[in-house]
Amino acid sequence: MILVTGATGFVGGHVVAALRSARKQVRCLVRDPRKASRLASWGCELVEGDLTDAASLRRAVEGCDRVI
């Protein structure tokens, strides 16, 4: 599992698209899941949280091998 932060942004969205095209499992840390419907439609797992919130970041990285 690969965690991508910033996945709803321009660069992050392209990173996620490339990872999903390569059939990688992707988890995305998102502040507002309602704004991440495109990521969900690509088969990404969404975790609500923020990089500045240690608890949500711990939840997001659990079980991930890589973080982008």
Side-chain angles (χ1 to χ4, degrees):
M1 177 72 70
I2 301 168
L3 174 66
V4 179
T5 66
T8 57
F10 180 78
V11 174
H14 283 84
V15 169
V16 170
L19 291 170
R20 291 300 298 142
S21 290
R23 299 187 166 279
K24 302 291 182 184
Q25 289 185 315
V26 177
R27 179 180 298 157
C28 301
L29 179 65
V30 298
R31 283 182 251 165
D32 185 352
R34 294 172 298 183
K35 295 181 180 178
S37 59
R38 177 178 55 138
L39 300 171
S41 73
W42 290 347
C44 297
E45 179 183 334
L46 304 180
V47 176
E48 187 173 358
D50 192 289
L51 281 175
T52 63
D53 177 22
S56 68
L57 190 54
R58 275 192 291 277
R59 278 194 313 274
V61 299
E62 189 174 311
C64 291
D65 324 356
R66 298 177 193 118
V67 178
I68 299 174

Could you tell me which residues satisfy side chain to side chain donor-acceptor pair (under 3.5 Å) with R23, sequence neighbours excluded, listed by chain and number?
-> none
Tell me, please, which residues at least two apart from D65 pass side chain to side chain donor-acceptor pair (under 3.5 Å).
-> none
L57: partners by side-chain contact (heavy atoms from CB on, under 4.5 Å), with sequence neighbours left out | L29, L51, V61
Quick one: list whatever passes salt bridge (Lys or Arg N to Asp or Glu O under 4.0 Å) with R34, sequence neighbours left out.
->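 Result, salt bridge (Lys or Arg N to Asp or Glu O under 4.0 Å) vs R34: D32.
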Would you say the side chain of L3 lies within less than 4.5 Å of the side chain of V47, judging by non-hydrogen atoms?
-> no
Can you find a heavy atom in the side chain of R20 that is under 4.5 Å from one in the side chain of V26?
->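 When only atoms from C-beta onward are counted, V26 and R20 do touch, with a gap below 4.5 Å.
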Kindly state each residue pair satisfying ring-ring contact (aromatic ring centres under 6.0 Å, His included) with at least one member in residues 9-33, sequence neighbours excluded.
-> F10-H14
Identify the two heavy atoms, one from A40 and one from L46, that lie closest to each other, and give their separation to 0.1 Å.
->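 Heavy atoms only, the tightest pair is CB-CD1, 4.0 Å.
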Side chain to side chain donor-acceptor pair (under 3.5 Å) partners of residues 38-53, not counting sequence neighbours, each pair once |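 Matches after skipping sequence neighbours: R27-E45, D50-T52, D53-S56.
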Can you tell me how far NZ of K24 sits from CD1 of I2, rounded to the nearest 0.5 angstrom?
->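 I2 CD1 to K24 NZ: 6.0 Å, rounded to 0.5 Å.
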